[in-house]
Amino acid sequence: MFQIFNTLTRKKEVFEPLDPSQVRMYACGLTVYDYGHIGNFRTFVAVDILRRYLRHRGYRLTHVMNITDVDDKTIEKSQQASVPLKDFTHKYIQAFLEDMRALNIETPERIPLATDHIPDMVELIRRLEQRGLTYRGNGSIYFQIKEFPSYGKLSNTDLSGMKAGARVDADNYEKLDVRDFVLWKSPKEGEPFWETAVGPGRPGWHIECSAMSMKYLGKSFDLHCGGVDLIFPHHENEIAQSEAATGKPFVKYWFHCEHLIVEGEKMSKSKGNFYTIRDLLDRGYHPLVLRYLLASAHYRKPLNFTFDGLHQADVSLERLCDFRLRLERHLPPGRSEGLQELIRASRAKFEAAMDDDLNTSGALGALFEWVREMNTVLDQGKLREDDRREALIFLDCVNAILGVFPFEAPSPDREVEILIREREDARKSREFARADQIRTELEQRGILLEDTPEGTRWKRRL
RNA sequence: GGCGCCGUAGCCAAGCGGUAAGGCGGAGGUCUGCAAAACCUCUAUUCCUCGGUUCGAAUCCGGGCGGCGCCUCCA
């Protein structure tokens, strides 16, 4: 029984999709004015593990993730770069997709762009206008919060104390009430705009997620995901405009990932603690080491990113990979007493942890415990072919959920094989200096050797 | 000021009322030509702090202290 924490109710709830045969989930993606940073990817990895686990649980799933390719920031940065908005965002969309691949994040079924859905947003705004929930000012259109009494239910915010009627002139747009938010922004000099049925302009930020999620998933759907910073006002506003337009509950479960901080502080460019995926790759880290680190803490707890932590993740992941590597061997047929039981029990522990609101730390604990027991069995030479196959199935299952193992078998390398054979010969004739020299040479090339009773094994450093 | 998250060994991190998982690091040992990997033993009488509830609290309640976040764009 899979339980998930729902921000809306502030409780863990048994997950039951609206349509038992199909889970429909939406996740807020990236605003593409720059490369995504490791904090962004913490959320995307958490959402990825969620979707993988739902599939493991047997659900078919439609997962939509938007990309915001028009907003204040994208416009500002593209103008600074003197590049047309579309070309500017294209570059970062491509980079984002590359980073997703590097982190082994599964591609959502749909990745809609805001600029491809202007008509859908306009349609939604018109519906809100027809219902008398909006007003205009200087060509912009605002959502009137006082028309939506349950406003604040997601973020547990009581906005009634804020001064209504105060004229706020933030960002040169006119609101009647500070709590109101903009649905449609009138065109400004030199900015991109669209000619539409609600007039010329461009969409406010919140409307795109409502329009695109409902277009692809229906008026009510199961899961809406994002970082905690989106709870207010973004998701609150989405609820208001969506439910006000349809009269139906918008989302059943709200899933929010806590923030990642760096060395105890909020990541920011000015502090110099701002890292993209590319930064870490440039420093020589395997992307899945980052994924492992992100997966090793529970998604609802703040994660303090440090390079020491990244190193610990590296070593831990390597332990799992080494175990997997030990399983690549020929074994006598049959099975050993009790091993099937051990595997089944460990698998049950792993799943119980994941069932409990994706407790990845607990799940990894179960996995490591099992690995130690299996290593002992291997040391004792008690593992047999059927056990080995079962163990590999379990590991594949773990990997289908966590997606952290860089398990591709090392691609054969003729040159390496020759050097290893040369070293074998040297060792046989007890020329250890020569043997060690070859080992050092290979190590400098990132090839690590291990001598086992069955011969020398090698692997690439992560 | 309002709302929220967090504080468990040197570090990371589970734990959700029944007597401290797991990983990294460290010490010692087994194995090895030496390594590596692996395994074994040890490494928190105690969970920021002070009170309370309870037969029993890291876990529940209240007061402190400390860190982080949101309330404006933010995953």
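With both pairing distances under 3.5 Å, B:A9 is matched to nothing as a Watson-Crick or G-U wobble pair. Across every strand in view, B:A44 sits unpaired, with no contact that passes the Watson-Crick or G-U test at under 3.5 angstrom. When both distances must be under 3.5 Å, the Watson-Crick or G-U wobble mate of B:G33 does not exist. Nucleotide B:G18 forms a Watson-Crick or G-U wobble pair with B:C55, both donor-acceptor distances falling under 3.5 Å. Of all nucleotides present, only B:C68 satisfies the Watson-Crick or G-U wobble test against B:G4, with each distance under 3.5 Å.
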Report all interatomic pairs (protein N or O, nucleotide N or O of nucleotides 10-13 of chain B) with separations under 3.5 Å.
residue, atom, partner, partner atom, Å
B:C11, O2', A:Asp308, OD2, 3.2
B:C11, O2', A:Gln312, NE2, 3.4
B:C11, O2, A:Gln312, OE1, 3.2
B:C11, O2, A:Gln312, NE2, 3.1

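In this structure, the CD1 atom of A:Ile231 is 14 Å from the P atom of B:A75, given to the nearest Å. Across the protein-nucleic acid pair, A:Phe232 atom CZ and B:A75 atom P stand 17 Å apart, rounded to whole Å. Rounded to an integer number of Å, the gap from A:Arg300 CZ to B:C68 C1' is 17 Å. For the pair A:Leu378 CG and B:U30 P, the interatomic distance rounds to 22 Å; values are reported in whole Å. Between A:Phe255 atom CZ and B:C5 atom P the separation is 16 Å, expressed in whole Å. Taking atom CZ of residue A:Arg42 and atom P of nucleotide B:C5, one finds them 15 Å apart after rounding to whole Å. Distance A:Met267 CE to B:C68 C1': 13 Å, rounded to the nearest Å. Taking atom CG of A:Asn359 as the reference point, atom P of B:U59 lies 19 Å away to the nearest angstrom.
Remark: the separation of the C1' atoms in B:C47 and B:G7 is 10 Å, to the nearest Å. Spacing between B:A13 and B:A44 at atom C1', rounded to whole Å, works out to 14 Å. Atom C1' of B:A58 sits at a distance of 12 Å from the matching atom of B:A14, rounded to the whole Å. Using atom P as the reference point in both B:G28 and B:G33, the two lie 22 Å apart (nearest Å). Remark: the separation of the C1' atoms in B:C24 and B:C60 is 33 Å, to the nearest Å.
For the OP1/OP2 pair of B:C71 and a distance below 4.0 Å, the side-chain nitrogens and oxygens of A:Ser155 include no atom meeting the criterion. An OP1 or OP2 oxygen of B:G22 is reached within less than 4.0 angstrom by no side-chain nitrogen or oxygen of A:Trp370. Within the 4.0 Å cut-off from OP1 or OP2 of B:C74, not a single side-chain nitrogen or oxygen of A:Lys266 is found.
When heavy atoms are screened at a 4.0 angstrom cut-off, A:Gly36 is found touching no nucleic acid atom at all. Residue contacts shown for A:Leu260 include a base, since a base heavy atom lies under 4.0 Å away.
In this structure, A:Phe2 and A:Phe15 have tilted ring planes: the angle between them lies in the 30° to 60° band. Taking the six-membered ring where the residue is Trp, A:Phe41 and A:Phe96 present tilted rings, their angle falling between 30° and 60°.
Side-chain proximity of A:Asn156 to B:C3, B:G22, B:A75: nearest is B:C3. When distances are taken from the side chain of A:Trp205 to each of B:A14, B:C74, B:G22, the shortest belongs to B:C74.
The line from CZ of A:Phe350 to CH2 of A:Trp370 is 11.0 Å long, rounded to the nearest 0.5 Å.
Both A:Ser316 and A:Ile38 sit near RNA chain B, but only A:Ser316 has its closest nucleotide nearer the 5' end. Residue-to-nucleotide proximity on RNA chain B shows that, of A:Tyr299 and A:Tyr33, the 5′-proximal contact is made by A:Tyr299.
Contact annotation: the side chain of A:Phe221 never approaches that of A:Met25 to less than 4.5 Å [non-hydrogen atoms, C-beta and beyond]. Side-chain atoms of A:Cys28 and A:Asn66, non-hydrogen and from C-beta on, do get closer than 4.5 Å to each other.
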* Where protein sits on nucleotides 32-42 of chain B, one letter per nucleotide: B base, S sugar-phosphate only, - none, heavy atoms under 4.0 Å -> -BBBBSSSS--

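Ion pairing between a basic and an acidic side chain is recognised when a charged N comes within 4.0 Å of a carboxylate O; A:Lys301 and A:Glu258 show no such pairing.
What you find for A:Gly152 and A:Glu236 is that their closest heavy atoms are N-OE2, 3.1 Å.
Between A:Phe181 and A:His206, a ring centre-to-centre spacing shorter than 6.0 Å is recorded. Between A:Tyr92 and A:Tyr35, the ring centre distance stays below 6.0 Å.
For the pairing with A:Glu424, the salt bridge (charged side-chain N to carboxylate O under 4.0 Å, His left out) check across A:Lys428, A:Arg421, A:Arg427 returns one residue only, A:Arg427. With respect to A:Leu339, the side chain to side chain contact (heavy atoms under 4.5 Å, CB included) criterion is satisfied by exactly one of A:Glu373, A:Arg384, A:Lys382, A:Met374: A:Met374.
With hydrogens and angles left out, the side chain of A:Lys12 and the base of B:C16 share a donor-acceptor pair within 3.5 Å.
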